[in-house]
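FYI, the numbering just counts along the sequence from 1.
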Amino acid sequence: MKSIYHRALGEEFHNLHPELQKKYGLTSKQNLMVLGQGRMTEIRGTHPLLRPFLQMGSKDHLVFAERGRDVPFTLENYVYDDEKGRETVSWIRRFFFPYAIRGFDAAMRYDEEKESLVDDLGKSGLMQTELDIHVTVEGGLYMESKAINVNGGISMTAPTTSVYEHYDEEEEAFRIHVHAEHPWLGTLMMYEGTVHTEFLPMTYNNIPKRGVLE
């Protein structure tokens with residue numbers, strides 16, 4: 001059985017660094033979850049006067065207003081079949097600020113008709129975007145979102161999010177860089193840092209609804 005990322009990349013999947021192949025090759029049949037722990041060197045973006053408006057998205061774990069340096073971070077990936085029987089990978093990100101814990105969540109799946117990855121955003125999953133994905137020359141993984149649809153229908157002008165990840169053999173950790181940019185407002189959020197990852201046993205009793213924690 002191939003993972004959703006293997007299906008999206010095809011033979012290009014084998015050009016990934018072995019550690020990335022292990023992480024992105026995970027399927028629901030393996031009964032494992034990914035736990036990543038690390039720190040974001042810096043979280044920046046959005047003019048300070050506009051940041052309060054971002055808090056509207058914090059309840060659904062779409063975006064948040066807090067910014068900082070050396071921010072503790074966790075990532076949980078669960079691979080499971082959703083309510084429609086589609087293999088899905090949750091991305092549960094938590095950022096630990098001095099006075100708040102913020103989330104940036106999504107659930108990814110492979111769309112057979114579109115032959116591409118689809119990202120259901122936030123806890124609700126009401127907003128979706130397709131993802132372009134490819135392997136870099138260095139064996140890293142690059143993903144970039146397309147236009148966002150609301151509940152599978154109405155398209156809207158929204159940020160383009162790019163994610164780049166590669167494996168640092170010296171640190172024995174993954175290095176990630178995420179950039180969300182709005183066509184009118186510029187950079188909404190950018191963060192980068194290092195994450196150490198382990199694979200833990202999992203049963204379906206461990207998986208929160210939609211794979212996303214409250």
Side-chain angles (χ1 to χ4, degrees), residues 1-10 13 20-37 55-64 73-95 101-133 141 143-163 165 176 178 180 195 197-214:
M1 181 177 180
K2 294 181 179 179
S3 71
I4 64 171
Y5 304 101
H6 194 159
R7 293 165 73 187
L9 287 167
F13 179 83
L20 283 166
Q21 289 189 43
K22 182 180 178 183
K23 178 180 176 182
Y24 286 95
L26 204 63
T27 72
S28 59
K29 303 300 182 186
Q30 294 169 270
N31 295 317
L32 294 173
M33 58 90 62
V34 177
L35 174 63
Q37 300 180 80
Q55 291 295 26
M56 292 185 292
S58 64
K59 187 175 181 180
D60 199 33
H61 296 179
L62 284 169
V63 72
F64 49 84
F73 170 84
T74 62
L75 168 67
E76 295 177 57
N77 292 128
Y78 297 90
V79 190
Y80 63 100
D81 290 335
D82 70 5
E83 66 280 358
K84 296 182 180 179
R86 302 171 300 192
E87 177 121 324
T88 304
V89 180
S90 67
W91 287 79
I92 303 171
R93 306 172 182 92
R94 292 294 176 269
F95 302 83
I101 300 173
R102 296 302 184 198
F104 180 32
D105 296 343
M108 294 185 192
R109 53 189 169 79
Y110 183 76
D111 189 298
E112 299 282 357
E113 292 184 2
K114 297 176 180 177
E115 296 185 336
S116 68
L117 290 175
V118 173
D119 210 4
D120 297 330
L121 305 172
K123 290 196 302 179
S124 66
L126 293 177
M127 300 172 68
Q128 300 96 29
T129 183
E130 289 183 54
L131 296 171
D132 286 328
I133 178 172
L141 186 66
M143 293 186 282
E144 183 172 286
S145 67
K146 300 180 183 180
I148 288 179
N149 298 314
V150 180
N151 209 18
I154 303 170
S155 296
M156 59 181 291
T157 301
T160 297
T161 300
S162 60
V163 179
E165 182 172 354
I176 61 173
V178 176
V195 181
T197 296
E198 56 184 325
F199 296 81
L200 302 175
M202 183 197 74
T203 68
Y204 274 81
N205 292 330
N206 299 132
I207 303 175
K209 183 178 180 182
R210 286 193 64 249
V212 177
L213 293 172
E214 294 295 329

Checklist entry - Do Glu87 and Tyr110 have side-chain heavy atoms sitting under 4.5 Å apart? => result no
Checklist entry - Heavy atoms, side chains only, cut-off 4.5 Å: are Phe104 and Val178 in contact? => result yes
Checklist entry - Could you go step by step and tell me if Asn77 and Trp91 meet the side chain to side chain contact (heavy atoms under 4.5 Å, CB included) rule? => result CA-CA 5 Å; Asn77 292 128; Trp91 287 79; 3.3 Å; yes
Checklist entry - So does Asp81 pair up with Arg109, basic N to acidic O under 4.0 Å? => result no
Next on the checklist: Run Gln37 and Glu198 through side chain to side chain contact (heavy atoms under 4.5 Å, CB included) and show every step you take.
Outcome noted: CA-CA 9 Å; Gln37 300 180 80; Glu198 56 184 325; 3.9 Å; yes
Item to check | Exam field: side chain Ser90 to backbone Tyr78, donor-acceptor pair closer than 3.5 Å | outcome: yes
Checklist entry - Heavy atoms, side chains only, cut-off 4.5 Å: are Leu141 and Ile133 in contact? => result yes
Item to check | Close side-chain approach of Met202 and Leu32, heavy atoms under 4.5 Å | outcome: no
Next on the checklist: With a 6.0 Å cut-off (strictly less than), is the heavy-atom count around CD of Glu115, excluding the residue itself, greater than 12?
Outcome noted: no
Item to check | Gln30 to Gly25 - nearest heavy-atom pair and separation | outcome: OE1-O, 3.5 Å
Item to check | Sidechain-backbone polar pair: Thr129 side chain, Lys146 backbone, donor-acceptor under 3.5 Å | outcome: yes
Next on the checklist: So if I apply the side-chain contact (heavy atoms from CB on, under 4.5 Å) rule between Val34 and each of Ile92, Thr197, Val89, Leu200, which one comes out positive?
Outcome noted: Thr197
Checklist entry - Step by step, would you call Phe199 with Lys22 a side chain to side chain contact (heavy atoms under 4.5 Å, CB included)? => result CA-CA 10 Å; Phe199 296 81; Lys22 182 180 178 183; 3.4 Å; yes
Next on the checklist: Could you walk me through whether Lys23 and Tyr5 satisfy the side chain to side chain contact (heavy atoms under 4.5 Å, CB included) test, starting with their C-alpha distance in whole Å, then the side-chain angles of each, then the deciding distance to 0.1 Å, before giving a yes or no?
Outcome noted: CA-CA 10 Å; Lys23 178 180 176 182; Tyr5 304 101; over 6 Å; no
Item to check | Student check: side-chain heavy atoms of Glu165 and Tyr24 closer than 4.5 Å | outcome: yes
Checklist outcome for this item: Closest heavy-atom pair, Gly103 versus Arg94, reported as atoms and distance to 0.1 Å, is CA-NH1, 3.4 Å
Checklist entry - Taking all atoms of both residues into account, what is the closest heavy-atom pair of Phe13 and Leu9, and its distance? => result N-CB, 3.8 Å
Item to check | Residue from Leu121, Leu131, Asp132, Val163 passing side-chain contact (heavy atoms from CB on, under 4.5 Å) with Ser145 | outcome: Leu131
